[in-house]
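Here is the structure we will look at.
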Amino acid sequence: MAELPTRYDPKAVEPKWYQRWLENRDFVANPESSKPAFSIVMPPPNITGMLTLGHVLNNTIQDILARRARMQGFEVLWLPGMDHAGIGTQTAVEKYLRRTENKTRHDLGREEFLRRVLEWQDKHGGIIIEQLKRLGCSCDWSRQRYTLDDAYAAAVQKIFVDLYNKGLIYRGRRMINWDPAAQTAVSDEEVISKPQKGYLYFVRYEIVEEPGRFLEVATTRPETIMADTAMAFHPGDRRYVDLLGKHAWRPLAREKIPVIADEAIDPEFGTGVLKVTPAHDTLDFEIGQRHDLPIIDVLTPAGRVDCPAVLELHGLERFEARKKAAELLQARGLLAKAEPYENNIGFSDRSDVPIEPRISEQWFLRYPKTKEALAVVRDHLIRFFPAHWEKVYAQWLENIRDWCISRQVWWGHRIPAWYRKSQAPSSKSQRSEKIYVGTEPPPDPENWIQDEDTVDTWFSSWLWAYETMDPQTRKKFYPTSVLVTAADIIFFWVARMIIAGLEFKPAKSSKIEDNIPFHHVFFTSIVRDSQGRKMSKSLGNSPDPLELIDKYGADGLRFGLMRIAPTGQDIRFDERQIEEGRNFATKLWNVARFRQMQGSASVPLASKPEAYATLSIFAVEVLARLNETIDAIESAYREYHFNQVAQHLYNFVWSDYCDWFVEAAKTDIFSEDEAKKRSALAVMDLVLSATLRLLHPFMPHLTEEIWSLLGLGKGWIQFAAPPDKLALDAVADVADRRRLVSSIYATVQAGRNLRSASKLPSNRKIRFILRTNDKTISEQIPTLSRLLNAQELTLDPKYTAPAGTPVAVTPLGELFLAIAAADQASERERLDKEIARIAEEARTVEAKLQNNAFVERAPAAVVEEHRRRVADLTAQLTKLKQARDGSG
RNA sequence: GCGCGGUUAGCUCAGUGGUAGAGCACUACCUUGACACGGUAGGGGUCAGAGGUUCGAAACCUCUACCGCGCACCA
C-alpha cells in the first residue's frame, strides 16, 4: 500500500466521491421501501440565487440529518427544488434588460418579457443547485422541483379556485401596502419598519366660519395636504370642542373640509389635531370610512404627485414634493414651524423604499384554520427548536389579518380570474356574474379578460411540503420529519405551510396529525459578519462559500461552520473557524494515515465482554470515552444542538484519541509483543471505525475516503450503521482501570510541568524517579516514560532526593526530576509557591467542611468529595514540605 | 409601549445549584518513528450591575443598564 500524503486533498477526494454517490443513485428515495421514512423538503432557494453562508449552514444541517437517518436505517427523502421568486426574479431581469437593451418590461410587453425571463433563467438560473452539490448535499436530485413546474402551477391555480369557491379568497378595494419602486402591492409581512429622520411640520388651517382663527396640525407628510378631506380631534378634547361641525380651509388645493371628532385621535400627539387623508394613510382611511369622507388620491403608482390643482407640486416625486409643499406653506405664512423628527416608516422588504399606503383593488385571503394552526404547535404535534419561537408564532397567528395575495407582477402564477370585457378590472362593480374564477379559461374567452396580476410567491411556496410529491411519494413521506429554516421566514413560510396542510389535507387520512406538514421545525441561526452585521451584497462582507470550499474543502467548511453554530442565536462568522474545520480534517486524515502505516491487526476486536478483559488500560479508557461521546452526541442530536455534536467529536478525536490513546498505545504498537501490538491496532480500528461513522454526516467525503482506504467496512460508510455503545459495563474492573489511567495521565502532566518549570527543552531526554510503594505500576513504566519523553524513569520506593530536586506530588507518588545542576534556589521558590497555593485551597475546602449547614444539607457525595479533597491536599502539602526541606 | 434573545478569558462561544471551561490569539520550549493545518507547558476571568432565594449562585427569582431581534405605534 502506498503511503498517503501528510495532507488531505479535498479537491481530489470530494468530487470523486460525490460523483460515485450520484452514479450509484444513493440519494434516490424509494417510496416502496419497507424501511421507516425520514423526509425533509429543502426550503427552495430562489432560482436567481447564489450560494450564501446561510445556505451552507441550512443545507449542511439538512444533509447531516439526512445522512444520519440513512445510516440509522431510514428510507430517506431529501427533496430539493427552487422557487421562482416572483418580484425578485422579475426585478433582476428588468435590471438586466435595462443594462443590456435599455428597455423596460412595458417596452417588450407581457408575452415577450416572460419569454425573456425564461431565456434568462436558462442561462443564469439554478447555479445554486450545482453549488449545493459541491457542498456534498445528499438530495434526491431526480425529484428536483420548481414552483413553476406544470403540475405545481396547476395545483396553485386549483387552490386559488377552491379557496375562492369557499369564500376565503375575495376581491376588495382596500388600503394596502404599495411598493412604488416595484409598483406592486405587498403583504404586511413584507413591510419592515425603520426609523427615519425627517421633520414634523406644524401647519395652520384657517377656520372657515371664524376667519383669522387657525387650527394648527402636526404632520410629517405636507405633500398629501391636497388629499385631506377633514380635520379631526379627540371627542374629549376641550380645546377644540367648539369647532365641531365647523370647517377649515385646506391650505393647498384650497377647499372647505369639515372638522370632525374621532376616538382614534391621540390628544397628546402634536397639537391633538389630525389632518384626515383617507387615500394615503391607514388610520385616516378608517376614520374616513366611519365619517363617510370622500377619498382623494394625489399620488401616482410610482409615487409622484398627481394634482393639477397645485402646479408647483404636480408631477414631483413624493419626497421632493414634501420639501416643496413645506416651502409653499412657509411662503403663505401657513407653516408655524418645522421640528426635526424621527419616526418609524414602513419600508419595502424587496425594494428598500418607503411603502405608500394606498387604496387599491386586490385579492385577499381570509386565513382558514388559524385556531387549529395555533393548537398543533401549542400541543406540540409540531415541535419548534428552539421552543421560544412558539411564542412568536402564536403572537402572529393571534393577530393575523387577511393576506393580500395579488401582485402587480408578470412573473409568477397568474390569477385564474376573468372579467367580462365590459366590466374590466378597474370597474368598481363586483357582482359575481361579472367575474369568472376557474382553473380553465371561461368557455367564451373572447368575452373575457384575464386578471393581469399574479399571486404572491409565498402563495405558491406554502404548498411546497406536499405538492412537490406525487401521490405515492406523499403516502410514504408526508408529513415530513423536520423542516430546517431560518426564523426570518417563520410567518412567510412556516406558519402558512402549517395552515395549508391543515386546510388542504393532502395526507392519506383526514386526521390532523397526518396532515401537518412536518413534525419538527429547526430554526437555524443567522450568519453575520465578525462585526455582527448581516451579510449583504452591498456591504461586501459576505464571503463566497465556493471560495471557502476551494480553500478549506467542503468538509472543512461544513465542520467549521457547524462547530460554531449555536442554536437560537446568531453566528458571528470568522474565517479562522473554517480554518479550524480544515485543520480538524487534516488531523483525522493523519491519525488514519498513522494507523495505515502500522499494517493489519489481523483480528478485529470482537464486541464481547470477554474480549475486553485482555485490553490495555489505555484501550479501556478510550473505549469508555467513546461510549460517553456516543451518549453525549445522541442527546445533543435530540435537541438539534449540532455545535455540541461537533464539539464532542472534535474533543474525542483530538484529545482522547490522538493526544492520549494513540500516544500511550505506541508502547504496544512498537513493541515486540505481537499480541499487545495486534490488540492496540484492533482498538484503533474499532475507534476509527466508530468515529468515522459518527463524523460521516458532518464530513461525508473525508470519512468515505478514509473508510475505503482503511478497508474498515464492507460497503460504503454512508450505508454503515451508526456505532453501538460497547458493553464495557459488563467488565468488572473498568472503573479501577480508568482510575489508574487517569492517575497515569495526571502524573505525566505533572512531569511535563516539572520539565517546563525547570526550563528544560522539550526534546532533552531526562531522568525521572517515581517514589511509590505501588509495585503494580512497574508494567506502566515504558508508557509513562514515553509520554514524559524521559531518558529513564525509575521506580524507587525509598528514594532520597537531594534538597532542591524538582518534585511533584502525583496520584502515583512523588515524581522527581533528576538533573545534575538544578538551580536549588529557584526550585525552592517554586515549591514555596506551590505549597502556598495548595495550602490556600486546602483552607478553602476545609472551611466549607466546618460549615454544619453544608455538611447536613449538601448531597453526601458532594461532602465526601470535599473530604477526599482535603485529605489529598494535606498529603500533598506534607510531601512537598518534605521535599522543600530536603528531609525526604 | 409589548414580547423574545443576549451580556462568561483579547476574540468566538460552551457551561441549568457543588473547585470557572474549550478553540483561536498570546508567551516559552520542541521538527521526537501520523500530523508545524502539529506537540508540550504556561499566562489570562471580582461570569454586565444591584438585591433576593440557598449551606452553597455564572446558573434560580426581582430590578437596573447596555446590545440585538420581532410586533404594535408611527398625525
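The sequence lines fix the lettering, A, B, ..., with proteins before strands; numbering per chain opens at 1. Just so you know, these numbers use all the heavy atoms, side chains as well, and skip hydrogens, waters and symmetry mates.
- In this structure, A/Ile490 reaches neither bases nor backbone, as no heavy-atom distance under 4.0 Å exists between it and the strands shown.
- Residue A/Arg755 is out of contact with every strand shown, counting any heavy-atom pair closer than 4.0 Å.
- Remark: A/Arg857 is in phosphate contact with B/rC55, judged by side-chain N or O atoms under 4.0 Å from OP1 or OP2.
- Using a 4.0 Å heavy-atom distance criterion, A/Asp659 is classed as a sugar-phosphate-only contact.
- Under a cutoff of 6.0 Å and an axis angle of 45°, A/Arg625 and A/Phe652 do not form a cation-pi pair.
- For B/rG42, its base never sits under 3.5 Å from the side chain of A/Arg752 at any donor and acceptor pair.
- A/Asn643 has no side-chain polar atom (N or O) that falls below the 4.0 Å cut-off from OP1 or OP2 of B/rC13.
- Dashed line: the shortest gap from a side-chain N or O of A/Lys391 to OP1 or OP2 of B/rG70 is not under 4.0 Å.
- Of the C1' atoms belonging to B/rU16 and B/rG21, the separation is 16 Å, rounded to the nearest Å.
- Within the structure, a side-chain polar atom (N or O) of A/Asn583 is placed less than 4.0 Å from OP1 or OP2 of B/rG38.
- Listed pair A/Lys587 / B/rG39 meets the phosphate criterion, a side-chain N or O lying under 4.0 Å from OP1 or OP2.
- Using N1 to N3 plus N6-O4 or O6-N4 for Watson-Crick, or N1-O2 and O6-N3 for G-U wobble, each under 3.5 Å, B/rU46 pairs with nothing.
- In this structure, the side chain of A/Gln577 engages the main chain of A/Asp574 through a donor-acceptor pair within 3.5 Å.
- When ring centroids are compared, A/His234 and A/Tyr240 stay outside the 6.0 Å threshold.
- Look at the C1' atom in both B/rU54 and B/rA14: the space between them is 26 Å, to the nearest Å.
- Distance from the side chain of A/Val591 is smallest for B/rA34 among the nucleotides B/rA34, B/rC11, B/rG15.
- Residue contacts for A/Glu579: at a heavy-atom cut-off of 4.0 Å it reaches no nucleic acid atom on any strand shown.
- Taking 3.5 Å as the limit, the base of B/rC30 and the side chain of A/Ser762 contain no donor-acceptor pair of atoms between them.
- Residue A/Ile526 is out of contact with every strand shown, counting any heavy-atom pair closer than 4.0 Å.
- When the P atom is used for both B/rA58 and B/rU19, the distance is 11 Å, rounded to whole Å.
- Nucleic acid contact class of A/Arg221 (heavy atoms, under 4.0 Å, all strands): none.
- Searching all strands for a Watson-Crick or G-U wobble partner of B/rG1 with both distances below 3.5 Å returns B/rC71.
- Side-chain contact of A/Gln647 with A/Asn651: a donor-acceptor pair under 3.5 Å is present, judged by distance alone.
- As the counterpart of B/rU32, no nucleotide is assigned, since no Watson-Crick or G-U wobble pattern has both distances under 3.5 Å.
- Contact annotation: side chain of A/Glu663 to base of B/rA34, donor-acceptor pair present below 3.5 Å.
- Phosphate proximity of B/rC37 to A/Arg582: absent, as no side-chain N or O sits under 4.0 Å from OP1 or OP2.
- Between B/rG21 and A/Gln647, no contact under 4.0 Å exists linking OP1 or OP2 to a side-chain N or O.
- Counting any heavy atom pair closer than 4.0 Å across all strands shown, A/Pro859 reaches a base atom.
- Both cation-pi conditions hold for A/Lys666 and A/Phe594: the charged atom is under 6.0 angstrom from the six-membered ring centre and inside a 45 degree cone around its axis.
- The partner of B/rU27 is B/rA41, by the rule that a Watson-Crick or G-U pair needs both atom distances under 3.5 Å.
- A sub-4.0 Å separation between OP1 or OP2 of B/rG5 and a side-chain N or O of A/Trp389 is absent.
- Residue contacts for A/Asn399: at a heavy-atom cut-off of 4.0 Å it reaches no nucleic acid atom on any strand shown.
- If you take atom C1' in B/rA57 and the same atom in B/rG1, they sit 33 Å apart, rounded to whole Å.
- In this structure, A/Arg204 is positioned above the aromatic face of A/Phe214, its NZ or CZ under 6.0 Å from the six-membered ring centre and within 45° of the axis.
- Counting any heavy atom pair closer than 4.0 Å across all strands shown, A/Tyr8 reaches no nucleic acid atom.
- At a threshold of 4.0 angstrom between heavy atoms, the contacts of A/Arg786 include nucleobase atoms, whether or not backbone atoms are also involved.
- Between A/Glu223 and A/Arg221 there is a salt bridge, since a side-chain N of the basic residue sits under 4.0 Å from a carboxylate O of the acidic one.
- Look at B/rU7: its Watson-Crick or wobble partner, with both distances under 3.5 angstrom, is B/rA65.
- Partner assigned to B/rU19 is none, using Watson-Crick or G-U wobble distances below 3.5 angstrom.
- Contact check, A/Gln749 against B/rA41: a side-chain N or O comes under 4.0 Å of OP1 or OP2.
- Using C1' as the reference atom, B/rC35 and B/rC13 are 26 Å apart when rounded to the nearest Å.
- Contact annotation for A/Thr271: no contact, since no heavy-atom pair falls under 4.0 Å across all strands.
- Of all nucleotides listed (B/rA36, B/rG38, B/rC30), B/rG38 comes nearest to the side chain of A/Trp654.
- Comparing B/rC73, B/rG70, B/rG18 by their closest approach to the side chain of A/Phe491 singles out B/rG70.
- Taking the six-membered ring for Trp and the full ring otherwise, A/Tyr199 and A/Tyr341 have centroids separated by 6.0 Å or more.
- Put simply, A/Asn590 has no side-chain N or O that comes within less than 4.0 Å of OP1 or OP2 on B/rC37.
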